[in-house]
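The chains referred to below are lettered A, B, ... by the order of the sequence lines, with proteins before strands, and numbering in each begins at 1. Because only heavy atoms are used, hydrogens play no part in the values below, and waters and symmetry mates are left out as well, while side chains stay in. Computed from a predicted structure; not experimentally measured.
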Amino acid sequence: MKSLQILILEDNIDDAQTIINLLSKQYAVTLVNTLKKAKAIFVTSKFDLAIVDINVDGKLNGIEFAKHIQNAAKPIPFLFLTSMQSKTVFEQAKLTQPFTYLLKPFNHLELQYTIELAVEKFFQQENTLRTNKTLISDYYILVKKQHLICKINFDDIEYVEVEENYCTLHVSNNKYVVKKSLSKIKEILGKENFEQTHRKFLINFNKVKSINLSENTIYLNSGFQIAISERYKKHLTSRFNIIK
Amino acid sequence: MPNKRGLLLLFFLISNILFSQNKDDYRRLIDFGIKTCKVLDQADYCKTINYFKNKKYDSCYLFSEKAITNKTLSPETKDVLFYMKSVSAVKLGLYQNALSSLNAISKKFPFYQLKNYRYGMVYLELEKYDSVISIYNKWLRNNPTNRNAQEVSVVYHNLASAYMLKKQFKKSEFYFKKVINEAQKINNTVNIINAKSDLANLYYEQYKDHLAIPLFKEVYELAKHDSSLELKQNTAKNMAVVEKNRKHYKESTSYYEEYIKWKDSLWNRDKISQLLEKDKQIALVKKDKEIAIQKETTLKQKERIQLFIIILIIALLFLGVLFYLYRFKIKQNTLIQAQKEQLEHLNTTKNYLLSVISHDLRTPVNTIKANHKKLSVLLNSNLNQDAITLNKKSEAISESTSGILNNILNWALQQNNQLLFIPENHFINLLIVSILEDFRSIAQAKNISISTVFEDSDSLVFLDKELFKIAFRNLIDNAIKYTPEGGSIKVKTAFTDTMCILTIADTGQGMSQDVLNNINNYNILTVEKIDRSKGLGLGLILSKTLLIKNKGTFEIENNLNKGITITIELPIKEL
């Protein structure tokens, strides 16, 4: 499991401290206090979300940075912070889409809600995270575990166990339950790396250590043992031939 | 007997009038003229042809004379012109002229039959009987077939006349008989009468009365059955003359009477037709006049209508301009009025805000100031416990003051229409929970329980998140403020098809009816409507205003036993 990488642009120390207090336990937070630094670090590091104060250094630098994110090669979700709900301030900010903002002061629930809203709007999958549903991007899945947004890269998934309409994603030592059917999750993960071995199992091929066909068992790098059913065996071996 | 002869020669002239054109040759001549006209493109020549074709012989004569002087014309075309000139000259009675024109026609003229025919007529008119005879003989020789009976009759008649005038009675008789023959061939009564009259004349001229008189009688009888009045008149007159010469005066008189009767009726007929013609002309003139008058009247009417329309248009335009100006003035007035009201409103708002600042803010800020001084004293005296208590009080005052400040700011923004408003779909239960989170410690301190009942946790409501939060925060703040210790606040959501119904019920002191009316009766609460002495705060006004901005409704009711219930309805979907 990887925690979300969050970039915060905020020049007011007290406000910055408040946000860090609310977020740093769960997420990897990076704080910068000028537009210049923000732009620099945005190039060198990868982030999943940006929280931007509109007013930085007495100018609307936050909006400037939001535009920068929006026009970047790989844009990320962002949300605005402001202490004033005034139209004149937002006139420019509204031009950056999708537009999400949070009024200061706020508590952790309000921040959580707004972060989820911003991410949903960015991926155009509204009403997912806020109602504990899964949000799916091209390379990873966002799921909520308690109040924490977890990011699961497809590559990190060892195997998927299916139970009725729920799937359990096994990622190293963590499990994430996702309310998706097997066919859906197969579609999401794609055929390139994932293969069904059993009515109940989907494995990530890159995580396979060895296969024992006589025992009908797959050994994963992490030590898991997954059963192979006769029904999927042939298809599985044919795939191996291709890999050879 | 010159008298007798002059009278009898009458028929000769009639016969001449009966002359009909040699149709084929005549048509070909005109065609030839039109064709050459097109090739030559000579104005005078063409005009001559045209006039000739249309039988306007005056103009034809003039233009042919003019055209002939053109030296560029070919002999063939000149021949045509000469021929046409001769025809026109005959028509105009210029026989000598006609003869010279005919003489000018070259021998190559293809329509020599026409020429010869014309010659005969001209010579007859000029009393050159020898020439007439030779020409007509030539004509008869050259034209053995394809003869028009009428034409041949004319030729025979003219030949006979020429011989008679030359006193060669035998030949004359021969040709007159031929005329009768021709006439009988085509069974033309008029021609027969004419021809027989001529023959009778001839006999009478020779004093062969035994031959002439029966003929005259026969002709007279024939004419009696003929409708032509002229013939009846002439034959009767002939009979009268004949009888008079025979000294049969009685018969002569009766013939004369008959002659006069025919003459009268002829005259009457002519007169009647003349009168009719005149009447017709008068009627036509009258009609023309009427038409002209009618035209004039319609023209005048048209002009009048046009004038009327123009006046109408101008009047309408004028009215339009007036109306536009009027509207413009009204618009300006309403604009000024609206601006005035807006300015007044803003001024009241400003005054209200000033009063809020002076009352609601000055007191707590002064208190905080005093508390800080006290705090310094306490800390100097090392009375830490007292200092902590005092600081907690200050903290609470700061908190509420900050709330008031926020309300003032938001109210000011709202009044200037400067509040950001972006409604979206939101989970109202999540918003409520996140706001209630802030009040948990305060409520606990007052031992007030806040409970929530959400009918449907996954229902979305269409609203602006921040504006709703401001409104809801104020309402909860008020509820806690006015609920005594140990009380409870219940927040509940329910859903209809279109609305979310949010209720906040507390167990506070309730509200006076005046204040309730004040709040519930106005959709848009303005500061003018608020009596501050009745304890109605900015928070409540702001809440209602913001909820209405979210297309919601806002109602407050006193509970049966304790406190109030606030009912808010918000639309689920975008309205």
Residue pairs meeting ring pair (Phe, Tyr, Trp, His ring centres under 6.0 Å), one or both in residues 77-104 of chain A, sequence neighbours left out, come to A/Phe78-A/Phe80, A/Phe80-A/Phe99, A/Phe90-A/Phe99, A/Phe90-A/Tyr101, A/Phe99-A/Tyr101
Roughly how far, to the nearest 0.5 Å, is [atom2] of [Y] from [atom1] of [X]?
X        : Y        : atom1 : atom2 : answer
B/Glu437 : A/Phe106 : CD    : CZ    : 14.0 Å
A/Leu103 : B/Asn410 : CG    : CG    : 7.0 Å
B/Lys465 : A/Leu102 : NZ    : CG    : 5.0 Å

Would you find more than 12 non-hydrogen atoms of other residues, nucleotides or ligands less than 6.0 Å from [X] atom [atom1]?
X        : atom1 : value
A/Lys59  : NZ    : no
A/Lys184 : NZ    : no
A/Gln70  : CD    : yes
B/Glu455 : CD    : yes
A/Ile13  : CD1   : no
B/Lys446 : NZ    : yes

Most heavy-atom pairs under 4.5 Å with chain A, out of B/Ile435, B/Asn417, B/Asn406, belong to B/Asn417
Counting only non-hydrogen atoms closer than 4.5 Å, does [X] touch chain A with its backbone (N, CA, C, O), its side chain (CB onward), both, or neither?
X        : value
B/Asn429 : neither
B/Leu413 : side chain
B/Ile422 : side chain

Within residues 107-146 of chain A, contacts to chain B at heavy-atom distances under 4.5 Å involve A/Asn107, A/His108, A/Leu109, A/Glu110, A/Tyr113, A/Thr114, A/Leu117, A/Lys121, A/Asn127, A/Arg130, A/Thr131
Can I get a per-line list of side-chain donor-acceptor pairs under 3.5 Å for residues 23-31 of chain A, giving both atom names and the distance, sequence neighbours left out?
| unit_1 | atom_1 | unit_2 | atom_2 | d |
| --- | --- | --- | --- | --- |
| A/Ser24 | OG | A/Ile20 | O | 2.8 |
| A/Tyr27 | OH | A/Ile149 | N | 2.9 |

So salt bridge (Lys or Arg N to Asp or Glu O under 4.0 Å) across residues 93-104 of chain A, not counting sequence neighbours, yields A/Glu10-A/Lys104, A/Asp15-A/Lys104, A/Asp53-A/Lys104
